[in-house]
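Everything on this sheet refers to the single structure shown next.
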Amino acid sequence: MNLYSVLAAPIMQQFDGLVESDLDFAPSPKLEVGDVALRTFIAAKKVGMAPPQFAQAIVEQVDFGTSVIEVKAAGPYINFKLNRSQFAKSIVSTVFDQGDSFGSSQGGAGQTMLIEHTSINPNASPHVGRARNAMYGDSLVRLFRFDGYDVDVHYYVNDIGRQIGLLVLDTEGQLDELTFDDVLEAYVKANDRANPEKPEYDADFEAAGYEMLAKMEKGDPEIAAKFTQVTDLCLAGQLAVLARLGIEYDCFDKESKYLDDPSLDEIVKALEAKKAVFTDEDNRLVVDLSKIGHDRDEGRYFVLRRGNGSSMYGFRDLAYTIDKMSKGADVNLQVFGEDHKLYAEQLELILKAANKPVPESIYYAYILLKEGKMSTRSGEGVLLEDFLDQAAERAQVKIDEQCADMSEEERKEIARKISISAVRFSILRVNPNKSVIFDWESSLSFSGDTGPYVQYSTARINSMLRKFGEVPTEIADDIPLTADAEWALMAHLATFTDVVAQATSSRNVAAIGVYALETARLFTSFYHDCPVLVAETEELKVARVQLCKATLQTLTNALNLLGIEALERM
RNA sequence: GCGCUCGUAGCUCAGUGGAUAGAGCACCGGCCUCCGGAGCCGGGUGUCGGAGGUUCGAAUCCUCUCGAGCGCGCCA
């Protein structure tokens with residue numbers, strides 16, 4: 001359903017040599033001027049006329065039939081007043097027909113996508129900053145699934161490394177009784193004991209931690225089992241928090257699997273052939289990236305192995321990336337914080353040098369705390385769990401007073417859904433390459449540009465639909481939807497498919513949030529202007545209810561992409 | 001120092017070549033004897049960081065510059 005094709009066809013018929021993309025249609029700046037505008041610059045150039053003359057020529061010569069009521073040139077622009085009723089039928093019936101898949105252009109049908117996101121160190125609880133990674137990744141998953149892709153979601157588990165070694169050491173013998181929170185606490189203590197700058201510093205303990213790690217890397221089965229036990233416990237704790245936001249994964253890839261992967265030899269050989277790898281004075285194995293395309297001194301060297309022979313994170317990550325790419329998905333994505341940009345570029349150079357395919361990286365900027373007393377500088381300072389708890393508490397207060405007739409169970413469930421909406425929306429609505437200033441007050445607010453505001457529209461529509469009863473699926477030919485508020489809403493619904501396609505190809509989920517807000521705003525405006533259940537005539541009532549239902553469907557689909565549920569009541 | 005990203009209203013953000021740059025928050029007025037007031041309507045606020053350039057046309061593209069965030073050899 002494209003409003004503009006209907007107008008483009010007769011123009012192309014009248015003027016030879018024009019294709020649809022030459023005709024630059026957009027909504028008119030104001031409804032008083034017209035419903036749709038054509039900007040003639042590109043097409044005028046192609047037919048060899050000055051834009052205002054070409055505009056005039058179109059107005060005089062082209063017959064737009066019944067779909068247009070009035071055509072007026074305004075300098076290089078042309079404004080069309082449309083037969084709104086005719087377009088209304090087309091728009092509403094398209095939404096009805098496509099239902100839950102309205103908005104999808106099925107561009108990914110038959111294709112596969114592999115995405116890796118989140119990957120938090122096991123020794124930490126998810127912070128709001130990291131959660132931006134998980135929420136973005138998760139919404140990309142939803143977006144690609146909606147577009148028809150078969151998506152596989154991967155989580156890279158950093159199950160080896162110094163911090164796990166320290167944890168194993170510190171919790172030895174008591175792991176069976178410990179909870180995730182206990183382990184987090186233990187890690188803080190263990191970290192201090194291994195930090196020479198802290199009063200608790202214990203050199204023997206630190207050394208024992210490294211020894212533990214070395215044994216693990218050598219494949220000691222007993223130690224390995226202990227590592228697994230700690231890692232699994234932590235992972236389960238992290239996943240529980242992420243699951244509260246509706247975030248799930250298909251595969252967990254353990255880093256320890258890639259300690260000595262055969263593909264690593266292949267990489268080193270390829271680098272050797274280009275004289276891009278050397279062993280330095282401290283016996284480290286180092287890549288000189290300037291030999292394979294890096295053009296400056298900063299970040300020129302990339303260490304693969306330490307002097308003692310143990311591998312670096314990046315070396316194992318190379319093996320992991322090769323493994324991921326070997327699955328042959330049509331689209332491969334990985335979501336990183338902006339601090340990983342150089343690192344990812346370095347990996348990319350190495351992979352390319354070894355003639356290996358490279359996944360596409362998506363970056364998000366950090367979340368900063370509004371300056372204040374206890375602010376550390378990044379959003380790392382706020383635990384996701386606390387954020388969710390606070391949001392749920394606030395929502396609960398409001399629900400308890402507003403939905404007093406419902407059971408406690410129901411109220412709790414609704415409060416939960418609203419809190420998730422507030423949290424996800426506040427983070428997702430900002431473009432990912434832009435830092436978000438995190439502030440409790442506005443992030444937990446339920447009014448204005450928020451997820452709960454959008455949900456409110458869905459609850460309101462559902463309330464009307466319950467009162468109305470069964471909505472006829474048949475749309476009348478002369479459906480009486482012609483008021484400005486009705487048109488503005490319908491015209492906006494008609495753009496959803498384009499918005500989704502654009503968001504998918506640019507991997508920018510924020511556009512969906514902006515769209516959902518605008519839809520909710522236009523709906524509320526319509527709702528206040530146009531009586532629905534108390535409309536003057538039965539025809540008008542049915543038509544408006546149908547528009548409401550189409551709006552609800554669109555909002556539901558948009559919210560789903562953001563991991564937010566539309567609500568029956570709130 | 002070098003590289004990447006960002007800079008739009010008091011604050012938080014939309015707006016990736018087209019008409020008079022838009023929302024929310026905050027502030028001031030209205031609006032529930034009509035369908036849900038987490039709402040709606042109205043009121044004003046801009047050197048689009050700055051300077052050049054490209055273009056019929058620039059918040060948007062290019063160059064320079066200032067400011068902020070992030071990164072830059074044995075953390076993951």
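Scope of the values below: all heavy atoms of this structure, side chains included, with no hydrogens, waters or symmetry mates. Chain A is the first sequence line, chain B the second, and so forth, proteins listed ahead of strands; every chain is numbered from 1.
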If only side-chain N and O atoms of [X] are considered, is one of them under 4.0 Å from the OP1 or OP2 phosphate oxygen of [N]?
{"X": "A:Lys467", "N": "B:rG36", "answer": "yes"}
{"X": "A:Tyr453", "N": "B:rC40", "answer": "yes"}
{"X": "A:Arg460", "N": "B:rC40", "answer": "no"}
{"X": "A:Tyr456", "N": "B:rA38", "answer": "yes"}
{"X": "A:Asn121", "N": "B:rA76", "answer": "no"}
{"X": "A:Ser442", "N": "B:rU12", "answer": "no"}

Separation of the [atom1] atoms in [N] and [M], to the nearest angstrom:
{"N": "B:rA58", "M": "B:rA21", "atom1": "C1'", "answer": "12 Å"}
{"N": "B:rA68", "M": "B:rC74", "atom1": "P", "answer": "27 Å"}
{"N": "B:rG50", "M": "B:rG46", "atom1": "C1'", "answer": "16 Å"}
{"N": "B:rA76", "M": "B:rG71", "atom1": "C1'", "answer": "15 Å"}
{"N": "B:rC75", "M": "B:rG17", "atom1": "P", "answer": "45 Å"}
{"N": "B:rC61", "M": "B:rG18", "atom1": "C1'", "answer": "14 Å"}
{"N": "B:rA23", "M": "B:rG43", "atom1": "P", "answer": "11 Å"}
{"N": "B:rG10", "M": "B:rC28", "atom1": "C1'", "answer": "16 Å"}

How close or far is atom [atom2] of [N] from atom [atom1] of [X], stated in whole angstroms?
{"X": "A:His294", "N": "B:rG71", "atom1": "NE2", "atom2": "C1'", "result": "11 Å"}
{"X": "A:Gln346", "N": "B:rG71", "atom1": "CD", "atom2": "C1'", "result": "10 Å"}
{"X": "A:Asp405", "N": "B:rG36", "atom1": "CG", "atom2": "C1'", "result": "12 Å"}
{"X": "A:Leu213", "N": "B:rA76", "atom1": "CG", "atom2": "C1'", "result": "12 Å"}
{"X": "A:Met216", "N": "B:rA76", "atom1": "CE", "atom2": "P", "result": "13 Å"}
{"X": "A:Tyr313", "N": "B:rA76", "atom1": "OH", "atom2": "P", "result": "9 Å"}
{"X": "A:Asn158", "N": "B:rC75", "atom1": "CG", "atom2": "P", "result": "15 Å"}
{"X": "A:Phe526", "N": "B:rC40", "atom1": "CZ", "atom2": "C1'", "result": "14 Å"}

(request) For A:Glu568 and A:Arg466, run side chain to side chain contact (heavy atoms under 4.5 Å, CB included): C-alpha distance rounded to whole Å, both residues' side-chain angles, the deciding distance at 0.1 Å, then the answer. (result) CA-CA 9 Å; A:Glu568 287 282 335; A:Arg466 275 194 301 273; 3.1 Å; yes

(request) Answer yes if the ring centres of A:Tyr515 and A:His492 are under 6.0 angstrom apart, and no otherwise. (result)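 Yes; A:His492 has its ring centre under 6.0 Å from that of A:Tyr515.
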
Would you classify [X] as touching base, sugar-phosphate or nothing, given that sugar-phosphate means primed atoms plus P, OP1 and OP2, and contacts are heavy atoms under 4.0 Å?
{"X": "A:Leu304", "answer": "nothing"}
{"X": "A:Glu255", "answer": "sugar-phosphate"}
{"X": "A:Glu568", "answer": "base"}
{"X": "A:Cys403", "answer": "nothing"}
{"X": "A:Ile399", "answer": "base"}
{"X": "A:Ala535", "answer": "nothing"}
{"X": "A:Tyr343", "answer": "base"}

(message) Both A:Val534 and A:Met312 contact RNA chain B. Taking the nearest nucleotide for each, which residue is further toward the 5' end?
(response)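 The residue whose closest nucleotide sits nearer the 5' end is A:Val534.
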
(message) If you assign each of A:Phe446 and A:Ile160 to its closest nucleotide in RNA chain B, which residue comes earlier from the 5' end?
(response)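 Looking at RNA chain B, the more 5' nearest nucleotide goes with A:Phe446.
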
(message) If I take atom CD1 from residue A:Ile367 and atom OG from residue A:Ser443, how far apart are they, to the nearest 0.5 angstrom?
(response)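 These two atoms lie 8.5 Å from each other.
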
(request) Output yes if the stacking criterion (under 5.5 Å between centres, under 30° between planes) is met for A:Tyr527 over the base of B:rC35, else no. (result)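 The ring of A:Tyr527 is stacked on B:rC35.
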
Is it the case that the side chain of [X] and the backbone of [Y] share a donor-acceptor pair, with hydrogens and angles ignored and the cut-off at 3.5 Å?
{"X": "A:Asn462", "Y": "A:Leu567", "value": "yes"}
{"X": "A:Asp253", "Y": "A:Tyr156", "value": "no"}
{"X": "A:Arg132", "Y": "A:Ala365", "value": "yes"}

(request) Tell me, please, whether A:Tyr363 has A:Lys341 positioned over its six-membered ring: NZ or CZ under 6.0 Å from the ring centre and within 45 degrees of its axis? (result)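 Because its charged atom sits under 6.0 Å from the ring centre and within 45° of the axis, A:Lys341 does stack over A:Tyr363.
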
(message) At less than 3.5 Å, do the side-chain atoms of A:Ser463 and the base atoms of B:rG36 form a donor-acceptor pair?
(response)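 Indeed, a donor on one side and an acceptor on the other fall under 3.5 Å apart.
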
(message) Should the side chain of A:Glu298 and the base of B:rG1 be counted as holding a donor-acceptor pair, with the cut-off at 3.5 Å?
(response)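 Answer is yes: a donor-acceptor pair is held.
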
(request) State, to 0.1 Å, how close A:Leu166 and A:Gly209 come at their nearest heavy-atom pair, and which atoms those are. (result)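 Closest approach of A:Leu166 to A:Gly209: CD2-CA, 4.0 Å.
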
Angle class for the [X]/[Y] ring planes (parallel below 30°, perpendicular above 60°, tilted otherwise)?
{"X": "A:Phe25", "Y": "A:Tyr4", "result": "parallel"}
{"X": "A:His340", "Y": "A:Tyr343", "result": "perpendicular"}
{"X": "A:Tyr527", "Y": "A:Phe523", "result": "tilted"}

(message) Please encode protein proximity along nucleotides 13-28 of chain B as a string of B, S and -, counting only heavy-atom distances under 4.0 Å.
(response) SSSB-BB---BS----

(message) Just to be sure I understand: a Watson-Crick pair is purine N1 to pyrimidine N3 plus N6-O4 or O6-N4, both under 3.5 Å. Using that and G-U wobbles, which stems of three or more pairs involve RNA chain B?
(response)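 Looking at RNA chain B, the stems formed by three or more consecutive pairs are B:1-7 with B:66-72, B:10-13 with B:22-25, B:27-31 with B:39-43, B:49-53 with B:61-65.
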
(request) Verify whether one side chain among A:Ser139 and A:Arg424 offers a donor that lies under 3.5 Å from an acceptor in the other. (result)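 Indeed, the side chains of A:Ser139 and A:Arg424 share at least one donor-acceptor pair under 3.5 Å.
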
(message) Of the options B:rC74, B:rA38, B:rG39, whose atoms approach the side-chain atoms of A:Ile418 most closely?
(response)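 Closest nucleotide to the A:Ile418 side chain: B:rA38.
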
